[in-house]
Amino acid sequence: MIKVGKVKYLNTMPLFYRWEDPQIQLVLGHPSELALMLRKGELQAGIISSVEYLTNQALYTYVPDVSISSKDRVCSVLLFSRLPIEQVSRVYLTPNSITSKYLSIYLLEEVYKLKPVYTERKDSADCLLLIGDEALYEKKAGRFPYVYDLAYEWYRRHHLPFVFALFIVRKDAPEWLSQRIKELCHLSMGAFFNDLEKGKIKVDGFSQEELFEYFTQCLYNGLSEKEELSLRIFMEFLSSRGLL
């Protein structure tokens, strides 16, 4: 049985909507959990933070034309702040995603030229990085006066989308796995967006309009030249920080 990691967030729904293969077992987890499992060989593939691929390219390849990327914004990787971002001094970074954590550091330190203290305590921070469903629900709650979309901040700087996750495959996995994943993802996306157009996608806490906006205006599941260029730019930053 081939084990494939699936992030348990709403943003993976299009890729796994019609995912059925008796040879493949899906394993659920947070991005950082799945990245560690993939690195240790406990998974053969998974939709994993792009930083995991960039920092361990000797171990992996990735499925062509599949990703979780932004358009100009992503809507579910957000900095929630009690202060304008220029005044931020203490920042909580969720441990659930390596990529979002490093993107936050890039934006805070390289773009805004801040030198914040990073804390593991939400209650002591004036700015919180939240991702996935937690970010979507927090935004709806409206408890923070300032909300910054990390992908939009990246887009303003580079005029490119940001690649949050790739479908990463270990190089020692069966040769057929990458192609099969691509087939299943594209089959799933076709069925998902067809049902989304017909109003058949239901998620507690979200209206049909909110779901349609999120999946069509915020997320992109392909991988074109623009996404590849964005990955290279981000890799240059990681390299400059000695993170590769």
Side-chain angles (χ1 to χ4, degrees), residues 4-20 26 28-31 46-50 63-80 94 96-97 99-100 103 128-156 158-167 181-228 230-231:
V4 171
K6 174 189 175 184
V7 178
K8 50 185 179 182
Y9 294 150
L10 191 61
N11 62 11
T12 65
M13 187 182 288
L15 297 179
F16 292 92
Y17 190 62
R18 287 289 182 268
W19 189 282
E20 296 178 5
L26 294 178
L28 300 180
H30 292 300
I47 188 74
I48 308 288
S49 295
S50 57
V63 178
D65 198 29
V66 177
S67 76
I68 296 177
S69 299
S70 62
K71 291 191 175 177
D72 54 356
R73 54 197 171 113
V74 75
C75 304
S76 56
V77 180
L78 306 172
L79 285 171
F80 295 90
T94 177
N96 292 335
S97 171
T99 298
S100 299
L103 178 57
L128 313 178
L129 168 67
L130 302 178
I131 67 169
D133 298 3
E134 187 179 10
L136 290 170
Y137 285 114
E138 184 60 58
K139 186 177 181 181
K140 284 172 69 69
R143 290 182 286 228
F144 287 82
Y146 303 95
V147 180
Y148 300 90
D149 188 308
L150 266 64
Y152 184 67
E153 296 296 316
W154 176 268
Y155 182 83
R156 290 205 307 165
H158 299 289
H159 303 288
L160 290 168
F162 189 83
V163 182
F164 287 93
L166 296 166
F167 220 122
I181 288 172
K182 182 177 178 180
E183 291 169 358
L184 288 168
C185 286
H186 282 270
L187 176 68
S188 293
M189 285 188 284
F192 175 85
F193 285 105
N194 184 55
D195 283 355
L196 184 68
E197 287 278 357
K198 295 177 179 177
K200 293 182 178 181
I201 305 297
K202 310 289 184 184
V203 178
D204 289 344
F206 296 95
S207 68
Q208 293 292 319
E209 291 76 15
E210 288 170 331
L211 291 173
F212 190 84
E213 179 184 11
Y214 181 52
F215 287 113
T216 64
Q217 301 302 312
C218 301
L219 298 178
Y220 177 66
N221 293 123
L223 193 63
S224 69
E225 291 182 3
K226 291 190 296 184
E227 285 76 35
E228 298 273 8
S230 184
L231 276 173

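Here the side chain of Asp65 pairs no donor or acceptor atom with the backbone of Gly222 at under 3.5 angstrom. With hydrogens and angles disregarded, no donor-acceptor distance shorter than 3.5 Å links the side chain of Ser70 to the backbone of Ala151. Formation of a donor-acceptor pair under 3.5 Å by the Asp149 side chain with backbone atoms of Leu78 is not found in this model. The main-chain N or O of Thr216 is found under 3.5 Å from a side-chain atom of Lys71 such that the two form a donor-acceptor pair.
In this structure, Trp19 and Ile181 have side chains that are in contact, with non-hydrogen atoms separated by less than 4.5 Å. With contacts defined as side-chain heavy-atom distances shorter than 4.5 Å, the pair Leu150/Ile131 does not qualify. For the pair Val63/Leu223, no side-chain contact is recorded, criterion being any heavy-atom separation below 4.5 Å from C-beta on. The side-chain heavy atoms of Glu228 and Val163, taken from C-beta on, include no pair separated by under 4.5 Å. Contact of the Phe215 side chain with the Leu10 side chain is registered, since non-hydrogen atoms from C-beta on lie closer than 4.5 Å. Between Val7 and Ile68, the closest side-chain pair of non-hydrogen atoms is not below 4.5 Å. Side-chain atoms of Leu136 and Lys140, non-hydrogen and from C-beta on, never get closer than 4.5 Å to each other.
Residues passing the side chain to side chain contact (heavy atoms under 4.5 Å, CB included) test with Ser230 are Trp154, Leu160, Phe162, sequence neighbours excluded. Residues passing the side chain to side chain contact (heavy atoms under 4.5 Å, CB included) test with Asp195, sequence neighbours excluded: Tyr17, Arg18, Lys200, Ile201.
Ring geometry for Tyr9 versus His30: interplanar angle of 30 to 60°, hence tilted.
In the displayed structure, Lys226 atom NZ is contacted under 6.0 Å by at most 12 heavy atoms of other residues, nucleotides or ligands. Around the CZ atom of Phe80, the shell of radius 6.0 Å holds more than 12 heavy atoms that belong to other residues, nucleotides or ligands.
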Open item on the list: Checking Tyr214 against Cys218 for the side chain to side chain contact (heavy atoms under 4.5 Å, CB included) test, could you report, in this order, the C-alpha distance in whole Å, the side-chain angles of both residues, the deciding distance, and whether it holds?
Closed with: CA-CA 5 Å; Tyr214 181 52; Cys218 301; 4.0 Å; yes

